[in-house]
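Each remark here refers to the structure printed beneath this line.
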Amino acid sequence: MIARFRVASRLAVATAFLMFGLIVLGSIVRTTGSGLACPDWPLCHGHLLPPLEFNAIVEWLHRLVALIVSLLLLTTTGWVLAHGVLRARLGALALLAVGLLGAQVLLGALTVWKLLDPAIVGGHLGVALLLFATMIALALAAAAQAEPETAVAEARPPGLLPLFSLTAAVLYAQAVLGGLVSSTHASLACPDWPTCNGEWFPPLNGLVGLQMAHRYGAYALTTLLIVVAFRARGATDPIVARAGSMLLGLTIGQIALGVSNIALGIQVWLSALHLANAAGMLALSIATTFRLASMPARRVALAPMAAS
């Protein structure tokens with residue numbers, strides 16, 4: 001039984017890693033303007049193979065990796081559902097992943113059919129990140145069943161579980177908002193930083209409003225992670241203690257990447273690194289939240305009441 005859980009965990013980890021690469025590749029598709037280089041779907045100019053043109057090859061590679069991810073995800077789900085014990089403990093996550101995959105495939109097709117409608121492109125990224133998070137959760141849940149002796153026995157530090165859960169939610173929202181900024185071409189609506197067109201508090205209208213919302217989200221996330229890092233450093237579990245500081249450091253790096261991208265006029269490699277870092281932060285926050293949730297809650301002993 002343990003071996004079956006171990007296989008499920010390894011399959012989910014492989015799927016999540018490949019999915020990470022697919023998310024980053026999606027950023028490259030957007031920033032190189034390759035989204036409509038194959039104007040039909042699922043074929044490319046009516047053929048299985050793309051023409052020998054850079055943008056078409058980039059879009060075709062994105063579709064190819066998406067197909068491999070889909071097959072690997074379905075293999076993982078099939079393995080889970082084929083074994084009763086796995087199905088009982090991991091089946092809900094596996095079925096959720098399949099449902100999200102179906103939505104993602106549909107959104108991918110609509111992205112082409114609707115000519116890169118920003119709402120659909122943003123939804124495509126949003127579902128991709130949800131699917132990525134689901135596969136991470138599935139991998140961690142399977143690993144916990146495969147290696148029960150590694151479970152953390154110490155009591156959960158008070159207050160950290162909601163803080164890391166909130167961090168994961170804010171990171172997700174900020175990443176999706178960043179995708180909307182990119183898909184609506186609002187990345188250079190404010191070509192300077194920290195001001196926007198020379199203003200500290202510009203009117204929050206149109207593309208400027210979208211860009212400033214992303215900036216304000218980054219500032220709010222940094223403030224939240226200062227609190228998280230301060231609270232987490234007192235945890236006796238070394239992994240939890242380091243996670244808060246790591247997330248804060250990655251957030252500062254994320255802001256530096258965003259500012260550099262504006263200063264350099266939106267570079268493909270910087271945009272890819274920006275999204276890769278965001279996805280990595282999301283993965284770390286989910287893993288830490290899972291670890292905290294797996295810890296036993298602190299028990300408060302009640303002193304017996306004196307007999308009256």
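All values below were derived from every heavy atom in this structure, side-chain atoms included, with hydrogens, water molecules and symmetry-related copies excluded.
Taking CG of L131 as the reference point, atom CE of M19 lies at 4.0 Å (rounded to 0.5 Å). Note that the OG1 atom of T223 and the OH atom of Y219 stand 10.5 Å from one another [nearest 0.5 Å]. Interatomic distance, CG of L177 versus OH of Y172, reported as 12.0 Å (0.5 Å rounding). Remark: T76 OG1 to L81 CG distance equals 10.5 Å, nearest 0.5 Å. The SG atom of C38 sits 5.5 Å away from atom CD of E59, with the distance rounded to the nearest 0.5 Å. Within the model, atoms OG1 of T251 and CG of L171 stand 6.0 Å from one another, a figure rounded to the nearest 0.5 Å.
For the pair S165 and T289, the tightest heavy-atom approach, listed with the atom from each and the gap, is OG-CG2, 3.4 Å. Across every non-hydrogen atom of Q211 and A186, the tightest pair is NE2-O, 3.1 Å. Between A37 and P39, the shortest heavy-atom distance links the atoms O-CD, 3.5 Å. When all heavy atoms are compared, the tightest approach of I2 to A146 is CG2-O, 3.0 Å. Taking each heavy atom of L160 and R231 in turn, the nearest pair found is CD2-CB, 3.8 Å. Minimum interatomic distance between G253 and N277 (heavy atoms only, all atoms of both residues): C-ND2, 4.5 Å.
In the displayed structure, L52 atom CG is contacted under 6.0 Å by at most 12 heavy atoms of other residues, nucleotides or ligands. Within 6.0 Å of CZ on R10 lie no more than 12 heavy atoms contributed by other residues, nucleotides or ligands. Sparse packing is recorded around CZ of F230, with 12 or fewer heavy atoms of other residues, nucleotides or ligands lying under 6.0 Å away. Atom CZ of F290 sits in a crowded spot, with more than 12 heavy atoms from other residues, nucleotides or ligands closer than 6.0 Å.
H214 places no side-chain N or O within 3.5 Å of a backbone atom of G179 that could act as its donor or acceptor partner. One N or O on the side chain of T15 and one on the backbone of L11 form a donor-acceptor pair closer than 3.5 Å. Between the side chain of W79 and the backbone N or O of R4, at least one donor-acceptor pair lies under 3.5 Å. Within the 3.5 Å criterion, the main-chain N or O of W200 finds no donor-acceptor partner in the side chain of T195. Under the 3.5 Å distance criterion, the side-chain polar atoms of E53 are matched with a main-chain donor or acceptor of A56. At distances below 3.5 Å, at least one donor-acceptor pair connects side-chain atoms of D40 with backbone N or O atoms of H45. Looking at R233, its side chain never comes within 3.5 Å of a backbone N or O of G244 through a donor-acceptor pair. S182 contributes no side-chain N or O that, together with a main-chain N or O of G178, makes up a donor-acceptor pair within less than 3.5 Å.
Looking at L282 and S285, their side chains come closer than 4.5 Å, going by heavy atoms from C-beta outward. Counting heavy atoms from C-beta outward, L275 and R30 have side chains that approach closer than 4.5 Å. The side-chain heavy atoms of L292 and P157, taken from C-beta on, include a pair separated by under 4.5 Å. P202 is not listed as a side-chain neighbour of N197, based on a closest heavy-atom distance of 4.5 Å or more. Two residues are said to be in side-chain contact when any heavy atoms from C-beta on lie closer than 4.5 Å; I266 and S271 meet this criterion. Under the 4.5 Å side-chain criterion, counting only non-hydrogen atoms from C-beta, R242 is in contact with I239. When side chains are defined from C-beta on, L247 counts as touching F164, because their heavy atoms get closer than 4.5 Å. A 4.5 Å side-chain heavy-atom check between L125 and I23 finds at least one atom pair inside the cut-off.
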Output, in order, the C-alpha distance, side-chain angles, deciding distance and verdict of side-chain contact (heavy atoms from CB on, under 4.5 Å) for V240 and M295. CA-CA 11 Å; V240 173; M295 295 178 179; 3.8 Å; yes
Derivation of the side-chain contact (heavy atoms from CB on, under 4.5 Å) call for L225 and V228: CA-CA 5 Å; L225 281 169; V228 170; 4.1 Å; yes
Take C190 and R215 through the side-chain contact (heavy atoms from CB on, under 4.5 Å) test and state the conclusion after the steps. CA-CA 10 Å; C190 298; R215 292 188 183 186; 3.2 Å; yes
Quick one, F5 with L90, criterion side-chain contact (heavy atoms from CB on, under 4.5 Å). Give me CA distance, side-chain angles, the key distance, then yes/no. CA-CA 9 Å; F5 278 108; L90 306 174; 3.9 Å; yes
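In this structure, F20 and F132 have tilted ring planes: the angle between them lies in the 30° to 60° band.
Linking ILVMFWY residues whenever their side-chain heavy atoms come closer than 4.5 Å, directly or via other members, places L264 and L273 in the same cluster. The hydrophobic clustering, which links ILVMFWY residues whose side-chain heavy atoms are closer than 4.5 Å, places L221 and I262 apart. By the criterion of side-chain heavy atoms lying less than 4.5 angstrom apart, applied directly or through intervening Ile, Leu, Val, Met, Phe, Trp or Tyr residues, I255 is not grouped with L250; the two fall into different hydrophobic clusters. In the hydrophobic cluster analysis, where Ile, Leu, Val, Met, Phe, Trp and Tyr join through side-chain heavy atoms closer than 4.5 angstrom, L284 is grouped together with L161. Each of L64 and F17 belongs to its own hydrophobic cluster when Ile, Leu, Val, Met, Phe, Trp and Tyr are linked at side-chain heavy-atom distances under 4.5 angstrom.
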